[in-house]
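See structure below.
We count ligands from 1, going down the list as the structure has it; atoms in each ligand are counted the same way. Nothing fancy with the numbering, it's 1 onward along the sequence. The basis for the numbers below is simple: all heavy atoms, side chains too, and nothing from hydrogens, waters or symmetry mates.
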Amino acid sequence: MDSRIPKRPVLDWGGRVKRGRAHLPSVATLPNRVNTTSGRAAIYHALRMAGLSAGDEVLVPTYHCPTMVAPLVMLGLQPLFYAVGEHGLPELGGLECDRVRAARCMIVPHYFGLPRSLADVREWCSEHGVVLIEDCAHAFYGMAGDRQVGAWGDYAIASMTKFFPVTEGGLLASITRPLEISPLPNQGIRAELKGVFDMLHMATRCGRMRGMGVVLEGLRGGWWRREAGAVQREPKFSAPEPQGVAISCDMGRVESAPLLSTRVLFNLSSGDDACNTRRQHFERYLNELSNLEGGRFLYPSPISGGAPYAFPLWVDDVERVYRRLRMRGVPVNRWDRLWPDTPVLEGDVGLRWSRHVLQVLCHQSLRDSEVSFVIKEIREAIACQCEEG
Ligand SMILES: Cc1ncc(COP(=O)(O)O)c(C=O)c1O
């Protein structure tokens, strides 16, 4: 491949613009909404609205990315980890002890953008007076059982960068609760310009927006360097490191409004086209990567109803495969950076997933040729692992 394969949606000439209303329900069709700078910022604001006090416990899954935990620790709350079952849902049976009953809030994600009904979780939370934050960072669109995504939670959060060609953005929404939040301050003209520049730069680095690269390189040299340097970036937020595990998350700009470019691009983007393309890519992965010797689709059966974020691929001998795929520019993620002190729990798949599951991205900006490359690289990496093993 000549240029990088994008790890998330990027701008391109001729991208489809929205015509009329989207057909699939989404977090953005819930009645109460606030735009934020990121998914983690949306979690932060949901936690602030949930009526918790410093020291309260928040249930979070053992299979997580640190950006799901950092907002609560930043607010002085305590993570209390719950076990994840093989379908990616909380193991509610393990939550009945007194210690867990003291938890005030629970964050439950729809992993990989393959949404599932949260009916049982909803019932458990209502019974125990626990505020449910439905984490739709991977699942912006679709149905989760018989409700739309985001409609099970007291609050729902979404991450824009995973679904739209923007450099930042998140959404906090609720079907039942008004979102009382004072207006978030704008980031200023320099940050807006930098946002537009970064968005275009990300596209040209991936071989999109042909012709624009030269213009951007010119800008990078002179005037732009001074402007970009003047944008203040807030420091990263670091977790305590009892085991020397460095977990740091950019929690900057949680109190700011998202950039204007994010809002404009979101309003222009065609969700239906994006969802169709994502499903096609996912289907190809499902057909060609599901039953390899040494690798398989994670779940026992496929799940429909959403717009997938990633194809979850279980790999037996994962370290070498992952290293090789990263070196070759294959767009895969792995949640191998766990929050310090994530416990070993009975009946939990979370710790094994964090090691063995590769999230093979399937966003709408991937070209068919890039998806073919990804499939070829993964098949070769796994086959080579089997031969050597
Ligand atoms: C499940 C989940 N929730 C929340 C987040 C945070 O989203 P953002 O990166 O927009 O802050 C992520 C980010 O990867 C995520 O995967």
Neighbour count above 12 (heavy atom, 6.0 Å) for Asn287 CG: yes
Just by distance, do the side chain of His363 and the backbone of Ser365 share a donor-acceptor pair under 3.5 Å? yes
Cation-pi, Tyr299 ring and Arg116 (6.0 angstrom, 45 degrees): yes
Quick one: sort the Trp353 and Phe112 rings into parallel, tilted or perpendicular, breaks at 30° and 60°. tilted
Write down, by chain and number, every protein residue that brings a non-hydrogen atom to less than 4.0 Å from an atom of ligand 1. Ser38, Gly39, Arg40, Cys65, Thr67, Met68, Asp135, Ala137, His138, Ser159, Lys162, Trp335
Is a side-chain donor-acceptor pair under 3.5 Å present for Arg326 with Tyr322? yes
Closest heavy-atom pair and its distance - Arg284, Ser372: NH2-OG, 2.9 Å
